[in-house]
Every structure is written in C-alpha cells, then in structure tokens.
Engineer: 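Mind looking over this structure? Questions follow.
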Number of protein chains: 2
Amino acid sequence: MRWTPQRERALELLLRAGGPVKAYDLVATFQPGGQTAPPTVYRALDALVELGLAHRIASRNAYVACHRHDGEAHAASFLFCDCCDAVEEFEAPVGEVMAAIKARGGFQLRAMTLEAHGRCSRCQD
Amino acid sequence: MRWTPQRERALELLLRAGGPVKAYDLVATFQPGGQTAPPTVYRALDALVELGLAHRIASRNAYVACHRHDGEAHAASFLFCDCCDAVEEFEAPVGEVMAAIKARGGFQLRAMTLEAHGRCSRCQD
DNA sequence: ACAGTTATGTTATAATGTATCGCGTCCGCA
DNA sequence: TGCGGACGCGATACATTATAACATAACTGT
Ligand SMILES: [Zn+2]
Ligand SMILES: [Zn+2]
Ligand SMILES: [Zn+2]
Ligand SMILES: [Zn+2]
C-alpha cells in the first residue's frame with residue numbers, strides 16, 4: 001500500500017471538511033477545475049479506509065477522516081444527530097461486545113462499526 | 001401506521017428469505033407476474049423498519065426481518081462473514097456503550113446499530 | 001357525508017458504485 | 001542496468017440503489 005498524491009489529496013479534503021463527505025462531492029472538488037472520474041475517487045477513499053485513516057459511514061454513503069488520524073485499528077463508533085446532520089466519532093467501550101462474540105464461539109472478529117442515532121445537544125429545544 | 005397487504009407481503013418475503021434481501025430483489029418478486037415500482041417496495045420496507053419488524057443493513061444495502069419479529073425496540077446487531085455472505089443477528093450487550101453515551105452528556109439516544117465483520121465458523125479453513 | 005390523514009400508483013430522474021481495459025510507474029531482483 | 005510483476009491511475013461505459021413529484025385511492029374519526 002503506497003502513499004500517493006491522490007490519497008494525500010483525498011485525506012486533505014476529508015480533514016478540511018471536518019465531517020462526513022460524499023464520494024461525489026469529491027468527484028466535484030478533487031481537482032480544482034472540473035470533475036474527476038468516480039473510480040479515481042472511490043479508489044482513493046477505499047485506500048484511506050484500508051490504511052485506517054478514514055471510515056466509511058454506510059448509513060450515509062459518506063466517508064470521514066478518522067479522529068485519531070494514526071492508522072491504529074479500532075472499532076469505528078459514531079454519534080449521528082437526526083436533526084442537524086452532525087456526526088461525531090467517539091470511543092465506544094466495546095469490550096463487552098467483543099467478549100460476547102468470543103463467547104458465542106466460531107466467529108473470528110476483524111472489524112466493528114457502531115452507529116448511535118439520536119439528538120445532539122444543540123437540537124434538544 | 002397501518003398494517004397493509006403491501007407490508008405484509010414484504011414481511012412475508014423477508015421471512016421466507018431468512019436473510020438479507022435487496023430492495024431490487026423485491027422489485028422483481030413482489031408481485032408474482034412482473035415488476036413493481038421501486039417506490040412501492042422502498043415504502044413497504046421503510047414501514048417495516050419503522051414498525052420494528054425489520055432492519056436495514058446499511059453496509060449491504062439490504063433489509064432483513066428482525067429475528068425477534070415482535071416490534072420491540074432494541075439495538076440491531078449483526079455478524080457479517082467476509083467470505084460467504086452469511087449474516088446473523090445477535091443480541092450484543094450494549095449496556096456499557098449506552099452508559100458511555102449517557103456519561104458524555106448532551107446526546108439523547110434513539111437507536112443503535114452495530115456491525116461486526118469477520119469470518120464465520122464455516123469459513124475458517 | 002365531510003375533512004384530514006395515510007397509503008398507493010406512476011413516471012421520471014437522481015445518486016451511488018463498479019467492471020473493464022490499457023497504460024504508466026514503482027520496486028525487488030538478477 | 002535490465003527485467004518482471006505488482007500496484008496505481010485514467011477513461012469509458014454501465015449497473016445498482018434510491019428518491020422527487022404528483023395524482024389517486026383508502027382509511028379514520030366526527
Ligand atoms: Zn476512527
Ligand atoms: Zn443536532
Ligand atoms: Zn432485530
Ligand atoms: Zn462464512
């Protein structure tokens with residue numbers, strides 16, 4: 001897995017956005033003047049996910065830079081506000097869940113994602 | 001929220017499948033002889049999710065009947081096999097996670113989904 | 001019966017994601 | 001230094017997934 005200008009560019013855009021970004025937003029903004037072919041964008045994003053620098057948020061069809069921005073493996077956990085579209089990554093304590101999976105036997109865990117949906121503090125009025 | 005033939009039909013198909021079903025599979029099979037308009041299918045599926053009788057599996061763009069098949073609210077938790085496409089709903093112990101969300105304050109939780117990815121017992125050879 | 005709400009039908013279109021093929025570039029190795 | 005394989009990128013076309021918008025029908029309570 002190499003570190004390339006495309007991937008750096010994608011990560012830069014994710015970080016600058018500071019939140020979830022849709023693939024087709026990058027299709028529009030990847031290069032300053034004009035469009036980029038979708039496969040180019042998807043490949044860059046997939047690489048970032050593979051490298052542990054970003055997460056894919058399946059329920060929103062979006063990608064977001066990992067808040068840790070080192071490539072350490074961890075369960076990707078997010079809080080989603082139903083009202084505004086705020087999304088925040090947090091460190092969910094998934095120890096019990098992992099233990100339960102181990103306890104039921106036969107399943108070899110590789111990765112875990114967790115989505116909590118509700119109302120953020122700003123949207124409770 | 002009414003209980004209608006469309007919704008019953010959708011649930012019947014999910015139950016019969018016994019696993020994740022894609023919306024466009026239902027588009028093809030919803031009525032015996034021919035296609036159904038996508039909005040009809042999506043509306044029926046959305047209603048089932050709303051009623052707590054099914055879950056949407058975002059990472060697969062698929063729907064599955066809830067293993068409890070009563071409408072009780074609960075965290076939707078699934079084990080996904082990376083090799084075969086087996087998916088199993090299980091009861092993840094998310095108490096700690098919910099407590100952590102409460103503890104950080106300001107977020108009013110409504111629903112939670114959890115996806116565990118790895119290899120099922122049949123795929124570890 | 002009436003009005004308000006909820007559900008369905010229909011058409012078209014938007015949004016999201018991949019297959020494929022060819023070419024260039026990088027890296028390890030002889 | 002030359003070779004060979006793996007990896008990355010560009011480009012085109014296409015497949016899949018989901019929704020907008022509007023009209024009609026069915027149900028519900030009064
Ligand atoms: Zn992260
Ligand atoms: Zn909010
Ligand atoms: Zn369930
Ligand atoms: Zn398997």
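Scope of the values below: all heavy atoms of this structure, side chains included, with no hydrogens, waters or symmetry mates. Chain A is the first sequence line, chain B the second, and so forth, proteins listed ahead of strands; every chain is numbered from 1.
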Engineer: In terms of the angle between their ring planes, are B:Tyr42 and B:Tyr63 parallel, tilted or perpendicular, with boundaries placed at 30° and 60°?
Structural biologist: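 Perpendicular: the ring planes of B:Tyr42 and B:Tyr63 meet at over 60°.
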Engineer: Quick one: which of B:Asp25, B:Val27, B:Asp46 gives a side-chain contact (heavy atoms from CB on, under 4.5 Å) with B:Val41?
Structural biologist: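 So, applying the side-chain contact (heavy atoms from CB on, under 4.5 Å) to B:Val41 and each of B:Asp25, B:Val27, B:Asp46, only B:Val27 qualifies.
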Engineer: For B:Glu12, give me all partners under salt bridge (Lys or Arg N to Asp or Glu O under 4.0 Å), at least two apart in sequence or on another chain.
Structural biologist: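 Testing B:Glu12 for salt bridge (Lys or Arg N to Asp or Glu O under 4.0 Å), a comparison that skips the adjacent residues, returns B:Arg9, B:Arg16.
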Engineer: Taking CD from A:Glu50 and P from D:dC7, how many angstroms apart are they, rounded to a whole number?
Structural biologist: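 Result: 11 Å.
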Engineer: Apply side-chain contact (heavy atoms from CB on, under 4.5 Å) to B:Asp85 and list each qualifying residue two or more places apart in sequence or on a separate chain.
Structural biologist: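 Residues passing side-chain contact (heavy atoms from CB on, under 4.5 Å) with B:Asp85: B:Arg60.
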Engineer: So, for A:Phe78 and A:His55, is the gap between ring centers shorter than 6.0 Å?
Structural biologist: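 That pair passes the under 6.0 Å test.
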Engineer: Go along nucleotides 8-21 of chain D 5' to 3' and tag each nucleotide: B for a protein heavy atom under 4.0 Å from its base, S when only backbone or sugar atoms are that close, - otherwise.
Structural biologist: SBBBB----BBBB-
